[in-house]
Amino acid sequence: MLSASELDEVVLREVASVDAVDVHTHLLPPTHGQLLLYGVDELLTYHYLVAELFMVLPLDSDDDAVSDALTPPTADEFFAWPKPRQAALVFEELFVRRTPLSEACRGVVTTLHLLGLGAQLERAVARGVARERRLDELREWFAAVDKEEYLELVFTKAKLKYAVMTNVPFAPEEATHFLQESPPPISPRLKTALRVDPLLAGDWPAVSAALAAASPPFAPTLDGCYRYVCAWVDRIQPLYLMASTPSGFRYEKSSPAAAPPSPAAPPSAAALLEQVLLRVAVERKLPLAIKVGAVRGMNAALRTGGDGVEVADLRFLRNLCLAYPQVKLLVTVLSTENQHELCVLARKFGNLHVYGCWWFCNNPSIIERTTRMRLEMLGTAFTAQHSDARVLDQLLYKWRHSRAAIGPVLSSQYAKLLEAGWPLTEADIKRDVALLFGGAFEAFMAK
Ligand code: REL
Ligand code: ZN
């Protein structure tokens, strides 16, 4: 049995060392060539940092605040630049001219230090270094790594068992890697997930374009679409289907008495959801991971960095859970305002599993309060975090920072339990931490 004085040490140690499952990332395997992002230029051009860059760039190039040698680009000009030039501007503005205080900036610092590149980073920000040379030493280090070995190194250092990818059949540059005659085997560190946003959004133009572009093409009908999705399920054997909801998303089960649509009309959003996405989920026994609360293209000029957040109406989750009790839903929400209601929904429906602190919620202060609430409301029946990493090296900081935020919250919850008189053991803590960092996800998937 543990004493109050031993508690912190044991909990923090377990949280820091448990082998976690990263249930959602945007990483792709080394066999996808250039699509596996890593290195200092990719770290610095992460869309979180690009958004922060455009917050501080002068609005027009005559502004005196502009760094003399760098005329501020428009967003379109910036994205047309080669990556190293984009990275150099981000570095200059956010790390040299300002203190990298934000979570995304601090993440770059943590990552480089965990890779043993602290001295190189210090030299990069030093006075007197020509700004176009600043990142050279760091770039040289990354240029020398072997991708497969580096993937292994990062997973080992981040203490991850495996990470789930986001595999988008609608993106030709990604799809082509799976469509080869005999695709090379994927590293066991990465598991597949089939990402199908246009189906949840009822985006028939996007869906029908994909059906037409397939070789051979699929019929531009609901049945054709169903076959297309099944073919992708067979091809990549995903752990789950995943989609994010469009802004203002609603769902109510269609009434069987509803008049059939005219055969000439494009399929409705409800038909795509029920007759394709949910049908595949039921027939193939595939969980559906839903991400709620993003507002795509809030400032479209910033591309992915221009996506925003809204407080979502979560009634659709109740409707889905009731209408499809056999379909398992993995759910995360982007607005802090939705976190409490999501916990209540998870308490009501055994087919709903809460995972992670997503994107704008992936900040220590929000992780702390969200995790505290989840522990109080859900015990260990949730997944504390996912990284959403787009760049391989980010696994290092995202997991380091998340573990640091979650550990003390968990420890204080245990302290209250000890005080209440529960005989807590080290084995209990090991078991619980394993659940929060992937075990509860795997148990839910196996249900
Ligand atoms: O999977 C998603 O929908 C999101 O995570 C992404 O759209 C987002 O850009 C991601 O980088 C956030 O962390
Ligand atoms: Zn994501």
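Both ligands and their constituent atoms are indexed starting at 1 by order of listing. The structure presented is a predicted model; accordingly, all values stated were derived computationally and were not measured.
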Please walk me through it: do R134 and D136 pass salt bridge (charged side-chain N to carboxylate O under 4.0 Å, His left out)? CA-CA 6 Å; R134 285 193 189 283; D136 285 1; over 6 Å; no
Return the set of protein N, O or S atoms whose distance to the Zn ion (ligand 2) is under 2.8 Å, each given as residue and atom.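 Protein N/O/S atoms under 2.8 Å of the Zn ion (ligand 2): H24 NE2, H26 NE2, D388 OD1.
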Who are the ring-ring contact (aromatic ring centres under 6.0 Å, His included) partners of Y355, not counting sequence neighbours?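 Residues passing ring-ring contact (aromatic ring centres under 6.0 Å, His included) with Y355: H386.
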Does [X] pair with [Y] as a salt bridge, N-O distance under 4.0 Å?
{"X": "R279", "Y": "E274", "result": "no"}
{"X": "E42", "Y": "K83", "result": "yes"}
{"X": "D393", "Y": "K398", "result": "no"}

So, applying side-chain contact (heavy atoms from CB on, under 4.5 Å) with L194, which one of V280, V229, L286 is it?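 Option passing the side-chain contact (heavy atoms from CB on, under 4.5 Å) with L194: V229.
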If you measure only the distance, is there a donor-acceptor pair under 3.5 Å linking the side chains of E310 and S335?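 Side chains of E310 and S335: no pair found under 3.5 Å.
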Distance-only donor-acceptor hits, side chain of residues 173-181, under 3.5 Å, sequence neighbours excluded:
| unit_1 | atom_1 | unit_2 | atom_2 | d |
| --- | --- | --- | --- | --- |
| E174 | OE1 | V168 | N | 3.2 |
| Q180 | NE2 | H177 | O | 2.9 |

Give every pair formed by an N or O atom of ligand 1 and a protein N or O atom closer than 3.5 Å, one pair per line with both atom names and the distance to 0.1 Å, or write none.
| unit_1 | atom_1 | unit_2 | atom_2 | d |
| --- | --- | --- | --- | --- |
| ligand 1 | 1 (O) | H24 | NE2 | 3.2 |
| ligand 1 | 1 (O) | H26 | NE2 | 3.0 |
| ligand 1 | 1 (O) | R195 | NH1 | 2.8 |
| ligand 1 | 1 (O) | R195 | NH2 | 3.4 |
| ligand 1 | 3 (O) | R195 | NH2 | 2.7 |
| ligand 1 | 3 (O) | R296 | NH2 | 2.8 |
| ligand 1 | 5 (O) | H26 | NE2 | 3.3 |
| ligand 1 | 5 (O) | W358 | NE1 | 2.9 |
| ligand 1 | 5 (O) | D388 | OD1 | 2.8 |
| ligand 1 | 5 (O) | D388 | OD2 | 3.1 |
| ligand 1 | 7 (O) | R296 | NH1 | 2.7 |
| ligand 1 | 9 (O) | H47 | NE2 | 3.0 |
| ligand 1 | 9 (O) | R390 | NH2 | 2.9 |
| ligand 1 | 11 (O) | H47 | NE2 | 2.7 |
| ligand 1 | 11 (O) | R390 | NE | 2.6 |
| ligand 1 | 11 (O) | R390 | NH2 | 3.4 |
| ligand 1 | 13 (O) | Y48 | OH | 2.5 |

Quick check: closest heavy atoms across F249 and L200, and the distance to 0.1 Å?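 Taking every non-hydrogen atom into account, CE1-O, 3.4 Å.
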